[in-house]
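Okay, structure first, notes after.
Below, chains carry the letters A, B, ... as their sequence lines are ordered, and counting in each starts from 1. Quantities reported herein were computed from a predicted structural model and do not represent experimental measurements.
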There are 2 protein chains.
Amino acid sequence: MRSDAKKNYEQLLAVAREVITEQGANASLRDVARRAGVGLGTLYRHFPTREAVFEALLRTGFDDLTARATELETSTVPDEALLTWLREVVALAHRHSGVIASMVAAIDDPESALHASCVTMKAAGARLLKRAQSKKLARPDMDGVDLFALVAALSWLGDQPALVPRAERLFDIIASSILKKS
Amino acid sequence: MRSDAKKNYEQLLAVAREVITEQGANASLRDVARRAGVGLGTLYRHFPTREAVFEALLRTGFDDLTARATELETSTVPDEALLTWLREVVALAHRHSGVIASMVAAIDDPESALHASCVTMKAAGARLLKRAQSKKLARPDMDGVDLFALVAALSWLGDQPALVPRAERLFDIIASSILKKS
DNA sequence: ACCTGAACACCGTTCAAGT
DNA sequence: ACCTGAACACCGTTCAAGT
């Protein structure tokens with residue numbers, strides 16, 4: 001990548017992070033290009049779809065969460081490990097309001113720029129879930145996709161301003177349905 | 001209302017129902033006016049906001065659900081009554097994909113055209129919940145808003161195409177967290 | 001009293017023309 | 001190789017002008 005191209009890429013990503021944090025997943029990409037001082041076509045060259053922007057924004061977060069799952073798998077008791085991880089996933093999603101819907105859609109859409117990250121995250125969560133299930137600490141009739149769906153639902157709830165004050169209780173309620181002993 | 005105005009109103013509502021069922025809550029209202037063979041200003045006259053369209057579309061459904069809650073309150077055992085009602089609310093929401101987010105936002109926005117309906121529905125659900133709680137059949141640390149939130153989350157899950165196949169299990173999982181005995 | 005549609009200020013996306 | 005921005009086809013919303 002030419003150095004001017006790289007500079008544009010970095011600048012676009014920085015501005016996108018700012019604008020999307022401010023205005024959510026449907027923020028105007030035109031506005032992002034404008035604020036970045038870059039032509040509209042340049043944005044589309046670097047990020048052919050909106051999902052590609054999300055992917056770039058979330059990549060490091062995703063990687064961290066996957067590593068975190070592996071770490072929790074050996075360092076903590078199964079039920080606490082699962083709970084802690086779920087909290088962190090919801091927190092990441094909360095920092096990117098509205099993106100979660102694209103992530104859910106990406107689960108079974110291999111064309112999406114978010115697909116690979118979703119599959120990896122889902123697998124990481126599934127491992128933590130399975131471990132808890134094998135110790136009879138989690139509902140046995142659930143798989144990684146169900147877990148992903150519940151996290152998505154919690155994240156969506158956290159995106160609703162009216163429900164922010166009760167986000168913690170809602171987390172506890174839904175978490176209790178996952179960790180019910182078999 | 002003049003008879004021509006009434007005719008336009010009915011026509012707009014019929015077309016809106018069709019278009020929103022097809023394309024979801026963000027469907028183009030311009031398109032609705034076009035398909036209804038009516039000027040754009042006419043649509044805005046009858047429905048000053050998008051929420052006003054939703055409200056008109058959902059009104060009878062809301063009324064039915066409120067009546068249904070009252071009926072279930074005397075005819076069925078508390079836990080089954082609550083479950084049955086939740087299923088029916090989710091089903092209604094599912095028939096209007098995307099509208100649920102507006103409903104959640106309307107809970108604490110008295111300006112919204114959906115506010116009154118939401119409050120009424122929330123109260124109806126809260127009565128069923130309270131009855132189940134008093135018989136120790138439902139989680140005691142929950143109120144009507146929490147119930148509304150969980151229904152909203154389930155409806156949102158039902159709006160995600162990738163999750164439709166597991167909608168029933170997800171319902172069971174979340175329902176189990178409501179109906180846990182104290 | 002009600003309806004129409006042009007006008008305005010925005011989008012997303014593409015692509016010829018430039019450097 | 002990369003960038004620009006005009007062009008196109010859409011929005012939502014308002015409001016003067018019509019009947």
Which nucleotide in the set [options] lies at the smallest distance from any side-chain heavy atom of [X]?
X     : options               : answer
B:R45 : C:dT4, D:dT4, C:dC2   : C:dC2
B:R2  : D:dC3, C:dA1, D:dG5   : C:dA1
A:D4  : C:dC3, C:dC11, D:dC3  : D:dC3
A:R50 : D:dC11, D:dC3, C:dG12 : C:dG12

Is the phosphate of [N], meaning OP1 or OP2, less than 4.0 Å from a side-chain N or O of [X]?
X     : N      : result
A:H46 : D:dC3  : yes
A:N8  : D:dC2  : no
A:S28 : C:dC10 : no
A:R30 : C:dC10 : no

Taking the nucleotide of DNA chain C with the closest heavy atom to each, which residue, A:G41 or A:L29, is nearer the 5' end?
A:L29
Nucleotide pairing, DNA chain C (Watson-Crick or G-U, distances under 3.5 Å), in dot-bracket with [ ] and |:
||.|||||...|||||.||
Is it true that a side-chain atom of B:W85 and a backbone atom of B:L65 form a donor plus acceptor pair closer than 3.5 Å?
yes
Interatomic distance where [atom1] belongs to [X] and [atom2] belongs to [N] [whole Å]:
X     : N      : atom1 : atom2 : result
A:R34 : C:dG12 : CZ    : C1'   : 12 Å
A:N26 : C:dG12 : CG    : P     : 9 Å
B:R35 : D:dC10 : CZ    : P     : 14 Å
B:F47 : D:dG12 : CZ    : C1'   : 16 Å
A:L40 : D:dC2  : CG    : P     : 18 Å
A:L43 : C:dG12 : CG    : C1'   : 11 Å
A:Y44 : D:dA6  : OH    : P     : 16 Å
A:D31 : C:dA9  : CG    : P     : 17 Å

When you look at [atom1] of [X], are more than 12 heavy atoms from neighbouring residues, nucleotides or ligands closer to it than 6.0 Å?
X      : atom1 : value
A:E168 : CD    : no
A:E10  : CD    : yes
B:E71  : CD    : yes

Need one value for B:A33: base, sugar-phosphate or nothing, where a base atom within 4.0 Å counts as base even if backbone is also close, heavy atoms only.
nothing
Just by distance, with hydrogens left out, do A:S28 and A:R34 show a side-chain donor and acceptor under 3.5 Å apart?
no
Is any side-chain heavy atom of B:R87 closer than 4.5 Å to one of B:F171?
yes
Side-chain contact, heavy-atom cut-off 4.5 Å: A:D79 with A:K135?
no
Please work out whether the ring planes of A:Y9 and A:H46 are parallel, tilted or perpendicular, with thresholds of 30° and 60°.
perpendicular
